[in-house]
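Chain naming here is simple, since letters A, B, ... match the order of the sequence lines and numbering starts at 1 in each. Here the structure is a predicted model, which is why all the values come from computation and not from measurement.
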There are 4 protein chains.
Amino acid sequence: MSGNNKRPTDSRLAEARREQVLDAAAHCFRRHGYHGASMAEIAGAAAMSPGHIYHYFESKDAIIEAIVAKDVEELFSTMRDLQDESGELLDAIIDGLHTTVDQTLDTERGALLLEMIAEAARNPKVAALLRSADALTRQGVRELLTGPRGMLSQCATDELDGRMEVINAIFSGLLIRALLNPALKREAVIAALRQVLRVALSPT
Amino acid sequence: MSGNNKRPTDSRLAEARREQVLDAAAHCFRRHGYHGASMAEIAGAAAMSPGHIYHYFESKDAIIEAIVAKDVEELFSTMRDLQDESGELLDAIIDGLHTTVDQTLDTERGALLLEMIAEAARNPKVAALLRSADALTRQGVRELLTGPRGMLSQCATDELDGRMEVINAIFSGLLIRALLNPALKREAVIAALRQVLRVALSPT
Amino acid sequence: MSGNNKRPTDSRLAEARREQVLDAAAHCFRRHGYHGASMAEIAGAAAMSPGHIYHYFESKDAIIEAIVAKDVEELFSTMRDLQDESGELLDAIIDGLHTTVDQTLDTERGALLLEMIAEAARNPKVAALLRSADALTRQGVRELLTGPRGMLSQCATDELDGRMEVINAIFSGLLIRALLNPALKREAVIAALRQVLRVALSPT
Amino acid sequence: MSGNNKRPTDSRLAEARREQVLDAAAHCFRRHGYHGASMAEIAGAAAMSPGHIYHYFESKDAIIEAIVAKDVEELFSTMRDLQDESGELLDAIIDGLHTTVDQTLDTERGALLLEMIAEAARNPKVAALLRSADALTRQGVRELLTGPRGMLSQCATDELDGRMEVINAIFSGLLIRALLNPALKREAVIAALRQVLRVALSPT
DNA sequence: CATGAATGAGAATTCATTCAT
DNA sequence: TATGAATGAATTCTCATTCAT
């Protein structure tokens, strides 16, 4: 029995070690940025020798790419959840606002996302990953909003796109707000958001 | 005579040289990021030797701090302009939307701002500068909105803060949108913004 | 029974595995040089794990030493063949010239030999092996040339040594020629060699 | 005056520093081989910090390329000298044999040449440099041998090429001989060479 | 004020070697 | 016998910073 699952265990172990590196790296990137975090530091945080990280990742770049890919994966899963729900979309969004805002304002995650966006300015692979993820997400959201559960099926394409961009900008911008205003009041923001989203997601 | 105006001339020249360095550095930071841009590259762009930059700035960090400070200064000046205008605030904002959005979506400027925000994650001085600038701006905007030209004098503090954060988030977020969606349609965004801002800046 | 032939079988297997490593290493050294070839690469070529190579060889250095020793062994065997033949030596050499030149110009083998010579510059053990092999070979050749089948029994020691060095230099040098002039014409070289060797191996 | 030659002096200094690095590197490469010599060691030998070497050379590879190029240059200059002389070529060669052999057997220089040849097996740039230099040299020698001072103007192309390759091989091979037989007798080699070259450079 | 040669610490990465399994 | 995960020292190379001129 122990002989049988030796290989599976090993690859499961390998997968776990890989995750260990990704977690450690994400932690370090958040605190000191991609360039500020050294492989030695990441290795330390992952309780692993610097050399051994290269068994799991080809380069430092490959690490941030994996982090981005993982994050994108999570985003897709979140979107699928939204698609699988039933009922009017606007209500679902408004009802979930607390959770959404909490996730967005979680500084840990936000800092990492901003780091990835800043890195996208320099690393074309990261930029491509983020952009294609963004395009896919936009497509998914568009389908939801113009589908039976959305209220914008009559909306002109450009108008729809403009609204989507503004809504998207709000949530992206909250990442920056959380960073620049540590005293930001969640409840107040949620209240204002409710008002604004209701307008942005309803027919003119 | 030449002795008399030597100092003023010199210090004016010195100021110009300083600006030269800041412009060059901003240019380099935009293109390759703070860590990607080397002092040698900045020196080249400023038509100056690497060593001489240290006559004007104590360190590379001091350069980004100066850039941030300058940017903050510009922000204040923009805000003062808004304060000096007359007429209803909402109209002024809506009328200026084209310009504001164009400035925001100008990727050059946006990339630098995101770079500064990312740098804030590892440079506490930059973080402090950005945060205090943000606090001052918020105070200025609050005064405008609750003043005679604003429509929110009746608005509760928390509600006002929430709205301000959301509006702020929109414009900050547009920086990220421009980066992630190169095909973003300005006009459509402006139309959506008009709608949303009208709600966010009017009494309930 | 299985217990009885276990050792012999095992040691024969072990010997085969050792050879496997040597062949793989020789192949890798030829293609990427001693320093360019990693133990991982050699292990891959030998269809063996990197760690297991250390059951057969103490270190990477020990591998090239074994290759050198093996090559030296082959050289001795070739010389013994020459000694065992009958008839006039000069004729035997001239007749075998085609084969000898083909072997010498075989770039694969030559590259490895040059690699070993270059390695001799930094590995004293390799240098010692090559030098003592060289000394033994010279002694063997001297005996042949001054023996009944050779034509140089009347030749003074120094003259003999000089001629031997020049002949030796020609064949060693052909390794380099093959590398530097890929368009080298074998037949033309053999013709010139025939002429030159006839002089160098005949009494004045 | 001192102001005038400031730049020239500087660039002369730079040139001197460059040479310093080349000399130091050649020294280290000879002793420990290209891969055995570290940049730190070379820097130490050049009395310079490791980082500063990169002001003069783009990479370690660029250093050996420069050494090869310099060596090739010297070879050309030697050949031009031979072309500029007058009198019968065979006599000139035989007369200069002492110097030529001394230069060839100088282990320092030879070890470096072998190192470059071994490196050519891996580094295409080095291989190309050496090969094109070799081709040019062969062309120059061919012209000499078939010109008025040479005795091989009647010789068929292939025969001429074969002889040239064998002569070339002798001198290249002597590099290896010097390495493998430290007790090699120069005078005896020269005597044998005289005999062999006379045959190889005369009409059949 | 101005240069750019020079430094040296520190970065990412590689790889021979070890060792628990 | 065999594996390959793990180590960590060493390597090449970069770059902010200093300083003699």
Side-chain angles (χ1 to χ4, degrees), chain A residues 2-3 6-7 9-11 13-14 17 35-43 46-63, chain B residues 6 10-11 13-14 17 35-44 47-63, chain C residues 6 10-11 13-14 17 35-44 47-63, chain D residues 2-3 6-7 9-11 13-14 17 35-43 46-63:
Chain A
S2 83
K6 200 178 177 185
R7 286 304 146 204
T9 303
D10 273 19
S11 71
L13 179 68
R17 295 290 263 159
H35 287 95
S38 72
M39 288 301 274
E41 189 190 349
I42 295 169
M48 192 179 290
S49 73
H52 196 44
I53 291 186
Y54 289 83
H55 277 257
Y56 301 108
F57 297 94
E58 234 190 6
S59 64
K60 198 183 175 186
D61 270 18
I63 295 178
Chain B
K6 199 177 179 184
D10 274 18
S11 73
L13 180 67
R17 297 287 263 157
H35 283 92
S38 71
M39 289 298 273
E41 190 190 348
I42 296 169
M48 192 181 292
S49 74
H52 198 47
I53 291 188
Y54 288 82
H55 273 265
Y56 301 108
F57 297 95
E58 230 188 9
S59 66
K60 198 183 176 187
D61 272 15
I63 295 177
Chain C
K6 198 178 180 184
D10 274 18
S11 72
L13 180 67
R17 295 290 261 157
H35 283 92
S38 72
M39 289 298 272
E41 190 190 347
I42 296 170
M48 191 180 292
S49 74
H52 198 44
I53 291 188
Y54 288 82
H55 274 265
Y56 302 110
F57 298 94
E58 231 188 8
S59 66
K60 199 183 174 187
D61 272 15
I63 294 178
Chain D
S2 81
K6 198 179 178 184
R7 286 305 145 202
T9 303
D10 272 20
S11 72
L13 180 68
R17 295 291 262 158
H35 287 95
S38 73
M39 289 300 274
E41 190 190 349
I42 295 169
M48 194 181 289
S49 74
H52 197 43
I53 292 187
Y54 290 84
H55 276 256
Y56 301 108
F57 297 95
E58 236 190 4
S59 65
K60 199 184 175 186
D61 271 17
I63 295 179

Subject >> Distance in angstrom units between A/H35 NE2 and E/dG10 P, rounded >> reply: 18 Å

Original post:
What nucleic acid atoms does B/A37 come within less than 4.0 Å of, heavy atoms only: base, sugar-phosphate, or nothing?
Top reply: sugar-phosphate

**OP:** Check whether any side-chain nitrogen or oxygen of C/Y54 sits under 4.0 Å from OP1 or OP2 of E/dT17, and answer yes or no.
**Re:** yes

Original post:
Taking atom P of F/dC15 as reference, at what distance in whole Å does atom CD1 of B/I42 sit?
Top reply: 11 Å

Original post:
To the nearest 0.5 Å, how far apart are OH in D/Y54 and OG in D/S49?
Top reply: 11.0 Å

Original post:
So which nucleotide from E/dA2, E/dT7, F/dT12 ends up closest to the side chain of D/K60?
Top reply: F/dT12

Original post:
Once you round to the nearest 0.5 Å, how far does CD1 of A/I42 lie from CD1 of A/I53?
Top reply: 6.0 Å

**OP:** Please state how far atom NE2 in C/H55 lies from atom P in E/dT18, giving the value in whole angstrom units.
**Re:** 12 Å

**OP:** Would you tell me if any nitrogen or oxygen in the side chain of D/Y56 comes within less than 4.0 Å of OP1 or OP2 on E/dA6?
**Re:** yes

Subject >> Separation of atom CE in C/M39 from atom P in F/dT3, rounded to whole Å >> reply: 14 Å

Original post:
Rounded to the nearest 0.5 Å, how far does CE of C/M48 lie from CE of C/M39?
Top reply: 10.5 Å

Original post:
Nearest to the side chain of B/A14 - E/dA2, E/dC1, F/dT7?
Top reply: E/dC1

**OP:** Can you tell me the pairing partner of F/dC15 across any strand shown, Watson-Crick or G-U wobble, with both distances under 3.5 angstrom?
**Re:** E/dG8

Original post:
Does a nitrogen or oxygen in the side chain of A/S49 sit under 4.0 Å from OP1 or OP2 of F/dT7?
Top reply: yes

Original post:
For the residue pair D/H55 and D/H52, does the interplanar ring angle fall in the parallel (under 30°), tilted (30 to 60°) or perpendicular (over 60°) class?
Top reply: tilted

**OP:** For E/dT21, give its Watson-Crick or G-U wobble partner with both distances under 3.5 Å, or none.
**Re:** F/dA2

Original post:
A/S38 side chain: which of E/dA2, E/dT7, E/dA12 is closest?
Top reply: E/dA12

Original post:
Does D/G36 or B/A40 map to a spot on DNA chain F nearer the 5' end, using the closest nucleotide for each?
Top reply: D/G36

Subject >> Closest-nucleotide 5' rank along DNA chain E - winner of D/G51 and B/I53 >> reply: B/I53

Original post:
Closest to the A/P50 side chain: F/dT14, F/dA6, F/dG8?
Top reply: F/dG8

Subject >> Out of E/dC1, F/dT17, F/dC13, whichever nucleotide has its closest atom nearest the side chain of D/S59 >> reply: F/dC13

**OP:** Specify the residue among D/A47 and B/A47 whose closest nucleotide of DNA chain E lies further upstream toward the 5′ end.
**Re:** B/A47

Original post:
Which residue, C/H52 or B/E58, contacts DNA chain F at a nucleotide closer to its 5' end, judged by nearest heavy atom?
Top reply: C/H52

**OP:** Write down the atom of D/E41, the atom of D/A37, and the distance for their closest heavy-atom approach.
**Re:** OE1-CA, 3.4 Å

**OP:** Find the distance C/M48:CE to E/dT17:C1' and express it as a whole number of Å.
**Re:** 16 Å

